[in-house]
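Just so you know, residue 1 is the first one in the sequence shown, and it goes up from there. Each ligand, and each atom within it, is numbered from 1 in the order the structure gives.
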Amino acid sequence: MAVPNIGADCASDADHTATRRVHGYCALCIARCGTVATVEAGRFIRLDPDPSHPTGQAICAKGRAAPELTDHPQRLTHPLRRTRPKGDPDPGWERIGWDEALDLTAAAMRRTAQRYGPQSVAFTASSPSTTAIGDTSGFIRRLANAFGTPNANITLDLCGWGRGFATRYTYGVASLGISAGGAMPDIERSGVLILWGYNPSFTRLTHATATVAALKRGMKLIVIDPRRVGLAGKADLWLRPRPGTDGALALGIAHVMIERGWYDRDFILRFSNGPHLVRADTGRLLTERDLEPSGEAGRLLAWDAAASRLVRYDKTTGSYDSDSAGLALHGEVRVGTLQGDVVCHPAFELYARLCSRYPPGVVETTCWIPKTQVEEAARLIWHARPASYYAYSGHEHHANVTQTARAMSLLYALTGSFDQPGGNVLFEAPPAAAITGEDLPSARELAHAVGRDERPLGPARWGYVGARDLYRAILEGVPYPVRTVLGFGANMLLAHADGRYGREALRALDFYAHADLFMNPTAELADVVLPVASAFEREGLKIGFEVNQDAQSLIQLRSAVVPPPGEARSDSEIVFDLATRLGLGAQFWNGDVAAAYRHQLAPTGVTLEQLRAAPGGVRVPLQTRHAKHAEEDANGVPRGFATPSRRVEVYSQVFLDHGYAPLPEFVEPPIGPVARPDLAARFPLILTSAKSSVFCESQHRGLRSLRKHAPHPEVTLHPTAAQARGIAEGDWVAIETPEGSVRARARFNENLDPRVVVGEHGWWQGCAELGLPGYDPFASSGANLNLLIGTAARDPVSGTAAHKSYLCEIRLVAQDQA
Ligand SMILES: Nc1nc2c(c(=O)[nH]1)N[C@H]1C(S)=C(S)[C@@H](COP(=O)(O)OP(=O)(O)OC[C@H]3O[C@@H](n4cnc5c(=O)[nH]c(N)nc54)[C@H](O)[C@@H]3O)O[C@H]1N2
Ligand SMILES: Nc1nc2c(c(=O)[nH]1)N[C@H]1C(S)=C(S)[C@@H](COP(=O)(O)OP(=O)(O)OC[C@H]3O[C@@H](n4cnc5c(=O)[nH]c(N)nc54)[C@H](O)[C@@H]3O)O[C@H]1N2
Ligand code: SF4
Ligand SMILES: [Mo]
């Protein structure tokens, strides 16, 4: 096994007792804060911020606890093999060597592929927002492509879909970046920033720091969150929505802006498909072929109101056959077609009509936000622009996420701030070479990923599988069997709904290998468990950080701070070793991770040697280019956007073609008081959830310095809701939904709506040092919040379950039973 390169950028290391400082970055969460680690006498003793790093202004408690994480006595140190049947309370783990572990895994992959085809092997991985798996996720994808399976990852339906993928159906690129792709709010130059269902003070320190700095120079801030948390207290406007109604709110704010003329008419005219005519009879965009038999289906029509004539728009060139300045965005025209006269409307008119169904009064009853605040939001967004926004889990964890994200992205289009200074900007990224293997011959013949036939526009289109779909493929062979799974960290049974069904599925697999730092309830069901080196014990190459152009220009090779415990290895080494064993070494640089880095780096002009010599990273000179969509070719035609119409798609015919609403219609949360008054009679409270400030997702409860701040699972409710149920603060309560019941301790918060409660997911792990218990993830005496979430009603495009908008009741538990 390759010995990791141990970093030391100050002080010579000849003396074993010397103090070493290692520049790097913390990879425990999405913020990827620049850090300096201190190693004394060979032990990693502390982590500090590195102010010279573009993301190094501060670190959080989790980062400070990194040495506790690396030294934890429960770290996995050797490969393990199960010797007792799945379902047996004792797996009978037996220590084995790496060769045996990897041979067993490779053999199972081959067996499954021979019997069922390579698509019957699936990969799962934790989200790179909550772990360091981003070091390796590109190589995991490559292994899937080389092996021939499309089922390459999981969790996109909850983490990334709304901001990073649903918005592609509007802009052709993500209007909100995920991991240095897509647009990011240019907070330093924003006039107004909207944090929409996003609490960076807990979840991405770098954004919180940038926001606080911008507030000091006078930036306005709008926070949209059921909780008055994080930066909400510093906001110019805090909107408190009923969970799951953000789509209606976005339409409502847009309505005020359109009605008052507070929108960038020029941007909408020139760069959206707002002027394109839609047939009232079919709902389809009017094309030249509708008008004349020899007409082209790729030519769309718009109405020039001044000249009273139809204007043609060519989708392939992205140009009108005359000046677009006089095009109508409103009104109605009657067009003579081959089928007779047809009433048509500009797409923008239809969008404006949809928005007009949500005047401030309707928003007030739907979203529980006072009318005046809706107007104030519209006013602030328009008058304080350039506007930027970031929307995250608060809008993503709903069964209506896709249209909500579309509604937000269209509201945002009205500002005209997209890719403008101070807007959501597509910062330049270093020109790295792809490693994900889409170019491999085997990648061109992949089967459809599990779930793609049912939801062709959803995560499966990009090789991401929904947990429920994966479980069904395992248990029922639909659409085809999945028999072997390789997991890189994903703690599926806690992260997703259907934990009990998931447990059945994992038990039913022919083979499951799980690579992790710690044993977890998902790994417990594996046949082979592989010990993984933490981010502080292995190299990682990061090409571009988030937050701003300076950060995106930085390339850094994070070196190991200390060696891994026992025989733990990096995820990348595991992937490369497996590839070699599977006869795919040639596609994996003959098993040499450094060679892969060189390949990645080549177009950037930065070498591995330069990176090794500069532990703080190397900057690639990059200049932000704004408004790339407006850059013109030799014929004066603007580049536009990478959508089917080359315009921002106000109206999505792609959605229409797949049976979805072409405009972002608001759909009530399916398990909510409006959609299900019958259930609301028994479960009158709305259940949402939020991340802990001190733990990432289902991790870190075993770390003493963190757990002492949050010793018990909690559910937060308004004191009047508690009093009505005889509950005092600190009491153990049962949270009950139609799906089941789990426990938590009551915490009060006066700022919540009394009809809303907020739970915490991810509780299973104990903390021996503090004598604090773990929780059975499958029992009602436990605290696994996701046991409460059903999956019968999911987002029709992405399959996302309603993790942040469900109905529940809270009941006092006899304290001696707690
Ligand atoms: N109710 C509710 N449910 C939710 C959420 C919510 O807000 N509310 N959030 C959702 C979201 S956004 C997400 S992303 C998911 C999170 O779900 P997961 O992606 O499963 O993330 P974690 O729960 O953090 O578990 C990560 C696992 O990876 C391991 N790990 C850490 N670092 C590494 C590494 O470098 N390599 C490997 N191989 N393993 C590593 C950890 O030990 C841990 O076992 O949960 C989702 N579930
Ligand atoms: N400390 C810490 N940091 C983390 C993580 C962690 O677990 N802990 N997880 C990482 C991961 S994987 C992710 S995805 C990110 C996520 O980061 P965030 O998006 O900040 O995560 P959440 O706290 O789940 O949700 C954000 C806010 O949405 C609010 N909210 C709940 N329901 C609704 C709703 O219906 N509408 C609106 N508008 N808001 C709502 C919640 O009150 C919460 O304050 O954080 C990453 N960073
Ligand atoms: S916010 Fe905390 S956990 Fe996340 S990268 Fe920064 S220091 Fe690490
Ligand atoms: Mo996430």
Problem set entry | Ring-face cation contact, Y390 with R204, 6.0 Å cut, 45° max |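 Verdict for Y390: a cation-pi partner in R204.
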
Exercise. With a cut-off of under 6.0 Å to the ring centre and 45° to the axis, is R141 in cation-pi contact with Y464?
Worked result: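 Yes, R141 lies over the aromatic ring of Y464.
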
Of all the non-hydrogen atoms in the protein, which one sits nearest to [atom], and at what distance?
atom	value
atom 24 (O) of ligand 2	K804 NZ, 2.9 Å
atom 23 (O) of ligand 2	K691 N, 2.9 Å
atom 42 (O) of ligand 2	D225 OD1, 2.7 Å
atom 11 (C) of ligand 2	E697 OE2, 3.4 Å
atom 36 (N) of ligand 2	D246 OD2, 2.8 Å

Which atoms of ligand 3 are found less than 4.0 Å from any heavy atom of [X]?
X	result
C60	1 (S), 2 (Fe), 3 (S), 7 (S)
L28	3 (S)
I59	7 (S)

Return a yes/no value for [X]: is any of its N or O atoms, backbone included, closer than 3.5 angstrom to an N or O of ligand 2?
X	result
T130	no
H397	no
S393	yes
G394	yes

Problem set entry | Best match, Y390, Y392, F695: closest heavy atom to atom 6 (C) of ligand 2 |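 Of the listed residues, F695 has the closest heavy atom.
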
Exercise. Hey, is there an N, O or S on C696 sitting under 2.8 Å from atom 4 (Fe) of ligand 3?
Worked result: no

Problem set entry | Location of contacts on R204 toward ligand 3, heavy atoms closer than 4.0 Å |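 Looking at R204 and ligand 3, no heavy atom falls under 4.0 Å.
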
Problem set entry | N, O or S of C26 under 2.8 Å from atom 6 (Fe) of ligand 3 | no

Exercise. Step by step, would you call E537 with S534 a side chain to side chain donor-acceptor pair (under 3.5 Å)?
Worked result: CA-CA 5 Å; E537 299 151 352; S534 80; 3.2 Å; yes

